[in-house]
Amino acid sequence: MKKIILILFLVFLFYQINKEEDFYIRILANSNNEYDLRIKKDVANTLSDVLDSYHLEDCNYDEIVDTLTDNLDDISYHLNKITEVKVEIKKHNMGDKTYNGKVIKGKVKMTLLVTIGEGKGDNWWGCLYPDFMSRGSDEKLTYKWWILGD
């Protein structure tokens with residue numbers, strides 16, 4: 001019996017250690033021409049409004065994934081009013097980035113990926129959960145949006 005309890009505990013511990021901790025958003029522009037980069041900004045602004053309407057600020061990781069998964073059609077509907085996009089939630093390689101002189105090591109992370117057209121332009125990205133960079137446990141979660149690559 002002790003062995004079974006120990007095995008269950010180790011499985012639980014392994015699950016907690018390997019559980020996803022970050023959820024990213026990435027918008028890939030169709031190309032780097034001025035028009036496509038303006039469209040990318042419009043898509044990012046609309047996505048921000050749509051995500052704000054879901055009141056994700058008090059959600060944990062699993063609740064965010066569930067909410068976004070349940071609302072993929074709604075997100076697609078609003079973004080496709082601007083231009084043709086593909087919206088998906090998947091594990092995606094977030095390459096190395098530099099922010100304020102710090103290198104943020106790229107990793108494969110669960111991502112709300114929005115691809116505009118062929119997705120060959122610069123990207124916009126942000127971390128939805130937890131907040132971008134580190135924060136203290138008593139700080140209120142605040143969403144911040146950055147347009148990178150312009």
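Note that the structure is a prediction, hence the values are computed from the model and not measured.
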Checklist line | Sequence-distant partners of Ile89, side-chain contact (heavy atoms from CB on, under 4.5 Å), two or more places apart | finding: Phe23, Leu68, Thr69, Leu72, Met110, Leu112

Checklist line | Pairwise side-chain contact, Asp52 with Ser48, heavy-atom cut-off 4.5 Å (strictly under) | finding: yes

Next item on the list: Kindly write out the residues that satisfy side chain to side chain donor-acceptor pair (under 3.5 Å) with Glu84, not counting sequence neighbours, or none if the list is empty.
Entry: none

Checklist line | Polar side-chain atom of Asn32 near backbone of Gly121 as donor-acceptor pair, under 3.5 Å | finding: no

Item checked: Side-chain heavy-atom pair Thr83, Asn30 within 4.5 angstrom cut-off -> no

Item checked: Sequence-distant partners of Thr67, side-chain contact (heavy atoms from CB on, under 4.5 Å), two or more places apart -> Tyr54, Leu56, Asn71

Check: Would a distance-only check, ignoring hydrogens and angles, find a side-chain to backbone donor-acceptor pair under 3.5 Å from Thr46 to Asp42?
Finding: yes

Checklist line | Set of residues satisfying side chain to side chain donor-acceptor pair (under 3.5 Å) with respect to Glu118, sequence neighbours excluded | finding: Lys120

Item checked: His92 NE2 to Lys109 NZ distance, which is reported to the nearest 0.5 Å -> 13.5 Å

Note to self: Rounded at 0.5 Å granularity, tell me how far NZ in Lys90 sits from CZ in Arg26.
What the structure shows: 10.5 Å

Next item on the list: Mind running side-chain contact (heavy atoms from CB on, under 4.5 Å) on Asp66 and Glu63 for me, showing each step along the way?
Entry: CA-CA 5 Å; Asp66 290 345; Glu63 292 167 333; 5.7 Å; no

Checklist line | Single hit among Leu47, Val85, Thr115 for side-chain contact (heavy atoms from CB on, under 4.5 Å) with Ile27 | finding: Leu47

Check: Would you say the side chain of Val43 lies within less than 4.5 Å of the side chain of Lys40, judging by non-hydrogen atoms?
Finding: no

Next item on the list: Return yes when atom CG of Asp73 has more than 12 non-hydrogen atoms of other residues, nucleotides or ligands closer than 6.0 Å, and no otherwise.
Entry: no

Item checked: CG on Asn80 to CD1 on Ile75, rounded to 0.5 Å -> 11.5 Å

Notebook entry, point to check: In chain order, what residues pass the side chain to side chain donor-acceptor pair (under 3.5 Å) check against Ser31, with sequence neighbours excluded?
Noted result: Asn33, Asp36

Check: Do Val114 and Tyr35 sit in the same hydrophobic cluster, where Ile, Leu, Val, Met, Phe, Trp and Tyr count as joined when their side-chain heavy atoms come under 4.5 Å apart?
Finding: yes

Next item on the list: Mind checking side chain to side chain donor-acceptor pair (under 3.5 Å) for Tyr77 and listing every partner two or more places apart, or none if nothing turns up?
Entry: none

